[in-house]
Protein chains: 2
Amino acid sequence: MVQNMVANRKKTRCDIVEAANILFYHHGYEHTSFADIAENVKISRGNFYYHFKTKDEILDAVIALRLAETRSMIAQWTDQSDAPKERIRHFINILKRHQSKILLYGCPVGSLTLELAKLNHPAQKDAQALFSVFRHWLCQQFTALGHGENADKLALDLLVWSQGVATLASAFQDEAILAQEVAKKEAWLEQIKPGFLEKHRSFI
Amino acid sequence: MVQNMVANRKKTRCDIVEAANILFYHHGYEHTSFADIAENVKISRGNFYYHFKTKDEILDAVIALRLAETRSMIAQWTDQSDAPKERIRHFINILKRHQSKILLYGCPVGSLTLELAKLNHPAQKDAQALFSVFRHWLCQQFTALGHGENADKLALDLLVWSQGVATLASAFQDEAILAQEVAKKEAWLEQIKPGFLEKHRSFI
DNA sequence: CTGAATTTAGGTCAATTGTCCTATTTAATA
DNA sequence: TATTAAATAGGACAATTGACCTAAATTCAG
């Protein structure tokens, strides 16, 4: 059955990318070796090389996976509620939802971005897209809240905040920092005054 | 002359640590090899090994150097002005002063901290001290401004902000983000209302 | 100057890295 | 079933890593 073959091929490849995704997050891109990934997926290095010729190829696949996952997550948030505030709250709460991982490894987007910057890696731009996805979506939400002019700045502020919180919570290994910052940001979100364009929110 | 010997020894060692400090910042701890550092200082690997037995030893020395430099910088800020706001402004402005480097490599403290977390490196706690120095000093300044109860939270917020800005400015390679965020934070600092303990500021 | 101590140079080592190759096994087709 | 294509296993590779060692050079005291 062609279906089976294709499915299997896809599955092994998918297994590799998913394992690499986690290992890149936990141990960093460079500190993760072919052997680490292969061992994790329980395949031979030869089989591994059959699916990916170079390490950069795996990185590209991992970034593509993260982009897809991110888009899917955001689409879910968008579908779950029509209220921009409610949507933005979802973003704020990622920090709490992934608390334990963040305390250990920081934010997957921020840490990958920083590592690639130091390696001066060609995939830098692709990793940047991960931030852009959040940025544009948040911008849309703030626009819907009537902050058209400042929407992008507000979106960027929220990204800045999330990266800072992840970095410091991880540095101090202190979940109280995380909880406290999230609570404060939620309160800020609640209190935010809709801009004068609020009435036109429907056009978003 | 004993003086010369000791001075030379100190100088070579110091050169190594300073080169490692820069290379760790630019390329990361793990991606920097003995050979890289030795080549940079223009000494042999053997000479290098004479001064540092293991890579961890260099890391400790680099962290110690950064701690010393940070303390000295902060001491300067403290000496330059008695006004807490003026002092805090110095902190905010690090981002602008080191703009070009931050765009390329992020914040040296944040990125090192994140890398060590992923390596699960024993020096994590030492690197954390770098953040603590800023945190406590900022806390003192906010206390002097009369925000005793919230001083530590305000200090942490400022650290969070600085880390976030560094990460995103670097991710987007966009100095406008940096300039805009710094300007906004400076405005916030200006507008901040002194707490009711302001009159007692002298005791700090 | 001579001898001892410190400092430096450069070679060696085992381990690990990313990459590549060739057999063998598994699956699909005719 | 026989043939072909896809997938896997595992070995080999050159290069690089951190670590270690010894011999030479430099420095300084007596």
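Sequence lines set the chain letters: A, B, ... in the order given, protein chains first and strands last, and positions in each chain run from 1. Here the structure is a predicted model, which means the values were calculated and not measured.
For the pair K55(B) and Y29(B), the distance from NZ or CZ to the six-membered ring centre is under 6.0 Å and the angle to the ring normal is within 45 degrees. The side-chain tip of R135(B) points at the ring of F172(A) from less than 6.0 angstrom away and within 45° of straight on.
If you measure from atom CD of E39(A) to atom C1' of dA9(D), you get 15 Å, rounded to the nearest angstrom. Nucleotide dG18(C) holds its C1' atom 10 Å from the OH atom of Y29(A), rounded to whole Å. L23(B) has its CG atom 12 Å from the P atom of dG18(D), to the nearest Å. The distance between atom NZ of K11(B) and atom P of dT8(C), rounded to the nearest whole Å, is 10 Å. Taking atom CD of residue E57(B) and atom P of nucleotide dA19(D), one finds them 9 Å apart after rounding to whole Å. Going from atom CZ of R45(B) over to atom C1' of dT22(D) covers 14 Å, rounded to whole Å. If you measure from atom NZ of K42(A) to atom C1' of dA7(D), you get 19 Å, rounded to the nearest angstrom. Rounded to an integer number of Å, the gap from H31(B) NE2 to dT16(D) C1' is 11 Å.
Scanning atom types as modelled, no donor and acceptor separated by under 3.5 angstrom connect the side chain of R13(B) and the base of dT7(C).
When the side-chain nitrogen and oxygen atoms of Y49(A) are compared with OP1 and OP2 of dT19(C), none of them lie within a distance under 4.0 Å. Distances shorter than 4.0 Å separate some side-chain N or O of T12(B) from OP1 or OP2 on dT8(C). Close to dG10(C), at under 4.0 Å from its OP1 or OP2, lies no side-chain N or O of S44(B). Note on H51(A): a side-chain N or O is less than 4.0 Å away from OP1 or OP2 of dT8(D).
Picking from dT19(C), dT8(C), dA7(D) the nucleotide with the shortest atom distance to the side chain of Y50(A) gives dA7(D). Nearest nucleotide to the side chain of I43(A), out of dG18(D), dA9(D), dT17(C): dA9(D). When distances run from any side-chain atom of F34(A) to the nucleotides dA12(D), dG18(C), dC20(C), the shortest one goes to dG18(C). Picking from dT17(C), dA19(D), dT19(C) the nucleotide with the shortest atom distance to the side chain of A35(A) gives dT17(C). Here dT8(D) is the nucleotide among dT8(D), dG18(D), dG18(C) with the atom lying nearest to any side-chain atom of N47(A).
Between F48(B) and F52(B), the ring-plane angle classifies as tilted under the 30° and 60° cut-offs.
The residue F48(A) sits apart from the nucleic acid: no heavy atom pair falls under 4.0 Å.
Remark: R89(A) engages E86(A) in a salt bridge, criterion side-chain N to carboxylate O under 4.0 Å. Salt-bridge formation is detected for the pair K184(B)/D157(A): a Lys NZ or Arg NE/NH1/NH2 atom is positioned less than 4.0 Å from an Asp or Glu carboxylate oxygen.
Comparing S33(A) and G46(B) against DNA chain C, the residue whose closest nucleotide sits nearer the 5' end is G46(B).
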